[in-house]
Amino acid sequence: MKTAIFSIHDFDSPFLEKENNGKHELIFHSESLSKHTAHFANGCDAVALFTSDTADTAVLEILNACGVKYIALRSVGYDHVDLQKATELKIKVANVPAYSPHSVAEHAAAMMLALNRKLILADNRVKQYDFHLGGLTGFDMNGKTVGIIGTGKIGGVLAKILNGFGCNLLGYDLNQDESLVSNFALRYTNLETLCKESDIISLHLPLNPQTKHMINEQNISLMKNGVMIINTSRGGIVNTKAIVKAIQSGKIGSYGMDVYEHEKGIFFYDLSQEIMKDNMLLLLTTFSNVLITAHQAFLTQEALEGIAATTISNLNEWSKNGISKNDLA
């Protein structure tokens, strides 16, 4: 199956090539998919997309004209694809429903610890030969209440990690996992209660119309003063303007973000020689109590192996009978 792979990076191409092992003709493009690059897929049976790609109505129509019949997503999320239009055009779309949930959960835990114990500030000081400890006081994770919004595979692994720290766990999810209740004493509650009672809130849910801006000014107002918020899911889950306002007022004591509401065209690229035009992101980088990583929570060897394996498996299944068990549309 001839496949155009968009938004390819040095970190993922070796895994795809190894897993493919010559089975399909893979054509790598470093450019992200857009209406300006969709024609790169001309003559291809399939395209493989990353989270930085866009497959809206206009792009899908171009892909359809190019002869593309399949879209393999190298991600769990599919908010960057117009599934309704894909169905209309009879273009099959499949995702990677799961890959090492430990990668993202462990990254979220790492962000919590780094923010809590002021590790970035401490490291910067020591490198300037400043060894005083003022302003570096953190808190014991043991006994703190952590609210996990989204208790699927990733949220479940985080619950296991935080249970090991001795945290009290609250959960909010439309689909409750009773094993988390029995194994880690997680208590399911409504969103309002979780916001009111949590010392730390970690987000692990997909972006859709129901979850967009779930963390907004109203819900932030319910939270404890000095709350820590960690977002390793999707940038649009939070209202960034409301987040910035709450950081400036002190309502949010610390914020860890691996994703950003307006990250397309920024994250995954080297913009070090350019002027940052996104004023909101520029402002966030100035806060000492904000830790930013550029959508790297998934970036472990195990996760990349899993993503490559499922992506190639989807191509294999389509080439055999036109159906993959991971089909979304």
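Bear in mind the structure is a predicted one, so any value in this text is a computation, not a measurement. Keep in mind that the numbers below use all heavy atoms, side chains included, and drop hydrogens, waters and symmetry copies.
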Linking Ile, Leu, Val, Met, Phe, Trp and Tyr by side-chain heavy atoms under 4.5 Å, what else ends up with Leu133?
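Once heavy-atom contacts under 4.5 Å are chained together, Leu133 belongs with Leu121, Leu136.
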Do [X] and [Y] have side-chain N/O donor and acceptor atoms under 3.5 Å apart?
{"X": "Ser32", "Y": "Asp53", "result": "no"}
{"X": "Thr151", "Y": "His204", "result": "no"}
{"X": "Glu263", "Y": "His295", "result": "yes"}
{"X": "Asn316", "Y": "His24", "result": "yes"}
{"X": "Ser7", "Y": "Ser52", "result": "yes"}
{"X": "Asn95", "Y": "Asn326", "result": "no"}
{"X": "Tyr70", "Y": "Asn314", "result": "no"}

Stepwise ring-ring contact (aromatic ring centres under 6.0 Å, His included) check, Tyr78 with His80:
CA-CA 5 Å; Tyr78 46 87; His80 52 312; 8.4 Å; no
Stepwise salt bridge (charged side-chain N to carboxylate O under 4.0 Å, His left out) test for Glu317 and Lys320:
CA-CA 5 Å; Glu317 292 182 23; Lys320 290 177 181 177; over 6 Å; no
Residues in ring-ring contact (aromatic ring centres under 6.0 Å, His included) contact with His36, at least two apart in sequence or another chain:
none
If I take atom [atom1] from residue [X] and atom [atom2] from residue [Y], how far apart are they, to the nearest 0.5 angstrom?
{"X": "Met112", "Y": "Leu291", "atom1": "CE", "atom2": "CG", "value": "12.0 Å"}
{"X": "Met276", "Y": "Ile266", "atom1": "CE", "atom2": "CD1", "value": "5.0 Å"}
{"X": "Ile148", "Y": "Phe184", "atom1": "CD1", "atom2": "CZ", "value": "10.0 Å"}
{"X": "Asp199", "Y": "Met228", "atom1": "CG", "atom2": "CE", "value": "9.5 Å"}

Side-chain donor-acceptor distances from residues 235-247 under 3.5 Å, at least two apart:
residue, atom, partner, partner atom, Å
Asn239, OD1, Lys241, N, 3.1
Asn239, OD1, Ala242, N, 3.2
Thr240, OG1, Glu261, OE1, 2.7
Lys245, NZ, Glu217, OE2, 2.9

Counting only heavy atoms not in Lys23, do more than 12 fall under 6.0 Å of its NZ?
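Yes.
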Walk me through it: do His29 and Phe40 pass the test ring-ring contact (aromatic ring centres under 6.0 Å, His included)?
CA-CA 8 Å; His29 298 286; Phe40 292 175; 5.1 Å; yes
Using the ring of each side chain (for Trp, its six-membered ring), is Phe268 parallel, tilted or perpendicular to Phe11, with breaks at 30° and 60°?
tilted
side-chain hydrogen bond (donor to acceptor under 3.5 Å, both in side chains) assessment of Asn231 paired with Ser233:
CA-CA 6 Å; Asn231 187 10; Ser233 54; 2.7 Å; yes
With a 4.5 Å heavy-atom cut-off, do Ile230 and Leu203 have their side chains touching?
no
Side-chain heavy atoms nearer than 4.5 Å, only ILVMFWY residues, links allowed to pass through others: does that put Phe28 and Leu315 together?
yes
Check the pair Asp45, Lys69 against salt bridge (charged side-chain N to carboxylate O under 4.0 Å, His left out), reporting the backbone distance first and the verdict last.
CA-CA 6 Å; Asp45 306 293; Lys69 297 299 181 184; over 6 Å; no
